[in-house]
Participant: 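This is the structure I have questions about; it appears just below.
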There are 2 protein chains.
Amino acid sequence: MATKQITPNVPAHCAECLNRTKSAFKNLDNPDLDEVSKRKSCVFFRKGQVMMQEGARPQGVYCIYSGKAKLFKRGNEGKEQIMRLITDGGLIGYRSILSDEPLGASIVALEDTHVCYIPKTSFLEVIESNPKFSLNVLKISCNELGEAGKIITSLAQKNVRERLAEVLLLLGATFGHTKEGYLDISLTREELANMIGTATESAIRLLSELSSEGLITLKGRKIALVDPIALKERAAIFD
Amino acid sequence: MATKQITPNVPAHCAECLNRTKSAFKNLDNPDLDEVSKRKSCVFFRKGQVMMQEGARPQGVYCIYSGKAKLFKRGNEGKEQIMRLITDGGLIGYRSILSDEPLGASIVALEDTHVCYIPKTSFLEVIESNPKFSLNVLKISCNELGEAGKIITSLAQKNVRERLAEVLLLLGATFGHTKEGYLDISLTREELANMIGTATESAIRLLSELSSEGLITLKGRKIALVDPIALKERAAIFD
DNA sequence: TCTCAAAAATGATAAATGTCAGTTTCAGTC
DNA sequence: GACTGAAACTGACATTTATCATTTTTGAGA
């Protein structure tokens with residue numbers, strides 16, 4: 001597995017977690033909160049490391065304390081289809097455990113990432129005994145299902161250009177911007193392409209276009225959204 | 001709303017429901033089962049009627065007793081993207097209620113359909129008080145999420161031909177075949193196209209191809225899968 | 001700072017799919 | 001059975017995107 005490293009930054013008890021309001025555990029009270037805290041361990045993944053592997057059966061879930069990860073399926077020819085990016089507070093592996101299926105996707109750290117690992121048994125105990133918690137997980141699942149519906153419709157009906165613009169805006173909204181104005185997430189062009197379901201070259205070409213039209217600025221791998229309004233039109237997003 | 005019609009075929013009490021083993025209510029015991037049965041009503045939708053409308057906020061969920069429905073989002077130009085077909089035992093509207101969002105998709109009856117309608121309040125009461133039930137709904141949600149991941153990957157990475165073959169096999173597996181050997185569901189070519197995210201003409205062309213290659217047989221709107229093995233290869237499905 | 005493999009970029013061409021227009025067939029209603 | 005609008009089908013052509021090959025640039029590690 002990953003480098004197991006206790007870091008003084010990740011709190012031993014969930015009650016002290018700064019990201020708890022973003023996580024499934026936000027409404028978890030004692031004694032369940034104590035129990036989970038006692039059972040959890042902290043794990044550290046280096047950028048690029050596999051946190052969970054498609055097809056495996058996880059023996060627990062991860063809750064991200066800090067860092068970012070991509071959740072992707074591999075298609076027939078081995079290409080990744082990135083379905084989601086997960087960050088602070090995100091719950092990983094629960095779907096597989098609850099639907100009693102092998103993992104439908106892999107999860108790989110996009111940057112150095114600290115997670116809490118909750119054993120399956122503990123997770124299921126809380127789910128089965130605490131309606132508030134299971135309702136929370138249900139809400140998360142329903143939310144993700146709604147997002148998946150949007151992705152499906154975009155993939156089916158929007159062209160690549162529209163999808164790229166849409167994803168750029170989503171990245172801005174989800175991860176925010178650095179001081180210099182760039183998207184606060186580092187993705188290769190290949191990863192961008194794997195999010196919108198196109199060839200890397202196509203993604204690159206369209207980024208160049210958006211750049212020469214003045215909607216974005218490119219610096220190395222970095223991307224700044226210069227004109228989000230125009231981008232939104234390009235993404236064919238109508239509120 | 002729909003034509004409200006009491007039919008002697010739909011049991012008044014969930015305990016008598018023939019499809020209960022396929023539904024979220026399969027493990028529901030008394031007194032909750034009694035409570036839900038008391039509160040539910042039976043509704044009848046004619047083929048083509050809207051059961052729920054994208055964007056609306058449902059005041060209850062439907063559980064399908066008999067019939068079939070399509071769940072679809074409309075893209076920007078009004079075209080349907082069919083994401084799922086729902087049949088006996090299927091639960092409709094729960095995602096919207098639980099994630100507290102307007103409906104992300106419309107649900108339209110593909111044929112005459114009988115449903116039980118459970119008011120939101122009753123549904124939420126059982127969810128919040130009965131861990132077994134909420135776990136069941138969670139499983140359903142997780143299962144659907146896994147299916148959505150597969151659809152996303154297919155849309156992104158398979159060509160239209162592969163996707164069509166895949167969907168034909170799925171229809172056979174889900175709905176079975178009539179005595180004459182045709183798929184036991186009636187879909188227009190447009191609906192098939194809207195499932196695989198392509199233009200109607202493209203779907204038609206590829207159906208013709210598969211037919212002239214002997215993999216399927218077409219009779220009017222009806223489709224028989226003649227050579228499922230070859231179809232599976234065409235669908236690029238590898239177990 | 002240097003090195004180098006990986007990533008980004010670009011151009012040319014091929015392949016897949018969409019759009020448009022017109023004809024034929026079919027399902028549903030009376 | 002007759003009628004009719006919708007659906008299915010087909011052909012021609014346009015557009016979008018993928019693939020392949022090559023060059024340039026960059027990020028990361030030493």
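All values reported here derive from a predicted model rather than from experimental measurement.
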Participant: Return the value, rounded to whole Å, for the distance between atom CG of A/L207 and atom C1' of D/dT17.
Facilitator: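 Rounded to whole Å, this separation is 15 Å.
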
Participant: Grab the CG-P distance between B/L155 and D/dT17 for me, whole Å please.
Facilitator: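 Taking CG of B/L155 and P of D/dT17, I get 15 Å after rounding.
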
Participant: Figure out the CD1/C1' separation between A/I204 and D/dC20, and round it to whole Å.
Facilitator: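 In whole Å, D/dC20 C1' and A/I204 CD1 are 14 Å from each other.
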
Participant: Round to a whole Å and report the spacing from CD of B/Q157 to P of D/dT19.
Facilitator: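 Distance, rounded to whole Å: 10 Å.
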
Participant: Can you sort out the partners of A/R20 under salt bridge (Lys or Arg N to Asp or Glu O under 4.0 Å), two or more places apart, ordered by chain and number?
Facilitator: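 Expected list: none.
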
Participant: Run the salt-bridge test on B/E166 and B/R163 with the 4.0 Å N-O cut-off and return the result as yes or no.
Facilitator: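 Answer for the salt bridge query: no.
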
Participant: Judged by atom type as modelled, is there a donor-acceptor pair below 3.5 Å linking the side chain of B/S154 to the main-chain atoms of B/K158?
Facilitator: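 Not a single qualifying donor-acceptor pair exists.
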
Participant: Donor-acceptor pair, distance only, cut-off 3.5 Å: does the side chain of A/N19 make one with the backbone of A/Y65?
Facilitator: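 Yes.
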
Participant: Rounded to whole angstroms, how far apart are CD on A/E162 and P on D/dT15?
Facilitator: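 Going from A/E162 (CD) to D/dT15 (P), I get 16 Å.
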
Participant: Between the protein and nucleotides 23-26 of chain C, list the N/O to N/O atom pairs that are separated by less than 3.5 angstrom.
Facilitator:
none

Participant: For the pair made of CG in A/N194 and C1' in C/dA7, what is the distance, rounded to whole Å?
Facilitator: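 To the nearest whole Å, that distance equals 13 Å.
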
Participant: Without swapping roles, check the side chain of A/T87 against the backbone of A/G67 for a donor-acceptor pair under 3.5 Å.
Facilitator: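 Indeed, once roles are kept as given, a pair shorter than 3.5 Å links the two residues.
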
Participant: Using the test side-chain hydrogen bond (donor to acceptor under 3.5 Å, both in side chains), find all partners of A/K22 that sit at least two apart in sequence or belong to another chain.
Facilitator: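 Applying side-chain hydrogen bond (donor to acceptor under 3.5 Å, both in side chains) to A/K22 gives none.
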
Participant: Quick check on side-chain contact (heavy atoms from CB on, under 4.5 Å): which of B/L206, B/L218, B/T217, B/V226 does B/S211 satisfy it with?
Facilitator: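 When B/L206, B/L218, B/T217, B/V226 are each tested with B/S211, the side-chain contact (heavy atoms from CB on, under 4.5 Å) holds only for B/L218.
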
Participant: Using nucleotides 17-20 of chain C, report all nitrogen or oxygen pairs with the protein that are shorter than 3.5 Å.
Facilitator:
residue : atom : partner : partner atom : Å
C/dT17  : OP1  : B/V160  : N            : 2.8
C/dG18  : OP1  : B/T198  : OG1          : 3.1
C/dG18  : OP2  : B/T198  : OG1          : 2.5
C/dG18  : OP2  : B/A199  : N            : 3.4
C/dG18  : OP2  : B/S202  : OG           : 2.6
C/dT19  : O4   : B/R205  : NH2          : 3.0
C/dC20  : N4   : B/E201  : OE2          : 3.2

Participant: Whole Å only: how far is the OH atom of A/Y182 from the P atom of D/dT26?
Facilitator: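 So the OH-P distance, A/Y182 to D/dT26, works out to 12 Å.
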
Participant: When the ring planes of B/F45 and B/Y62 are compared, do they come out parallel, tilted or perpendicular, using 30° and 60° as the limits?
Facilitator: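 Rings of B/F45 and B/Y62: perpendicular, as their planes differ by over 60°.
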
Participant: Using the side chain to side chain contact (heavy atoms under 4.5 Å, CB included) criterion, which residues pair with B/T188? Sequence neighbours excluded.
Facilitator: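 B/T188: side chain to side chain contact (heavy atoms under 4.5 Å, CB included) contacts with B/E190, B/E191, B/R221.
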
Participant: Quickly work out the A/K47 NZ to D/dA28 C1' distance and round it to whole Å.
Facilitator: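 A/K47 atom NZ is separated from D/dA28 atom C1' by 9 Å.
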
Participant: Can you confirm whether more than 12 heavy atoms, excluding those of B/E180, are under 6.0 Å from its CD atom?
Facilitator: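 Atom CD in B/E180 is packed in, count exceeds 12.
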
Participant: Looking only at atom types and distance, does a side-chain atom of A/Q157 sit under 3.5 Å from a main-chain N or O of B/K79, one as donor and one as acceptor?
Facilitator: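 At least one qualifying donor-acceptor pair exists.
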
Participant: D/dT26 phosphate, OP1 or OP2: any side-chain N/O from A/K222 under 4.0 angstrom?
Facilitator: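 For D/dT26, neither OP1 nor OP2 has a side-chain N or O of A/K222 closer than 4.0 Å.
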
Participant: Return each pair, listed once, that meets salt bridge (charged side-chain N to carboxylate O under 4.0 Å, His left out) where at least one residue sits in residues 194-209 of chain B; pairs must be two or more places apart or across chains.
Facilitator: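 For residues 194-209 of chain B: B/R161-B/E209.
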
Participant: Quick one: side chain to side chain contact (heavy atoms under 4.5 Å, CB included) partners of B/I152, sequence neighbours excluded?
Facilitator: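 Testing B/I152 for side chain to side chain contact (heavy atoms under 4.5 Å, CB included), a comparison that skips the adjacent residues, returns A/Q81, A/M83, A/A148, A/I151, A/I152, A/L155.
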
Participant: With sequence neighbours left out, write down each residue that passes side-chain hydrogen bond (donor to acceptor under 3.5 Å, both in side chains) with A/R95, or none if nothing qualifies.
Facilitator: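 So A/R95 forms a side-chain hydrogen bond (donor to acceptor under 3.5 Å, both in side chains) with A/S99, A/E101.
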
Participant: Is it true that a side-chain atom of B/E80 and a backbone atom of B/M195 form a donor plus acceptor pair closer than 3.5 Å?
Facilitator: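 Between the backbone of B/M195 and the side chain of B/E80 there is no qualifying donor-acceptor contact (under 3.5 Å).
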
Participant: Give, ordered by number, those residues of residues 184-192 of chain A having at least one heavy-atom distance below 4.0 Å to an atom of DNA chain C; if nothing qualifies, reply none.
Facilitator: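 A/T188, A/R189, A/E190 - these, ordered by number, are the residues of the stretch whose heavy atoms sit under 4.0 Å from the strand.
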
Participant: With A/E162, which residues qualify under salt bridge (Lys or Arg N to Asp or Glu O under 4.0 Å), at least two apart?
Facilitator: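 None.
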
Participant: If an axis is fit to five pairs at each end of the helix from C/dT1-D/dA30 to C/dC30-D/dG1, what is the angle between the two, to the nearest 10°?
Facilitator: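 Both end axes considered, the difference amounts to 60°.
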
Participant: Tell me, which of residues 208-215 of chain A have any heavy atom that sits under 4.0 Å from an atom in DNA chain D?
Facilitator: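 The answer is none.
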
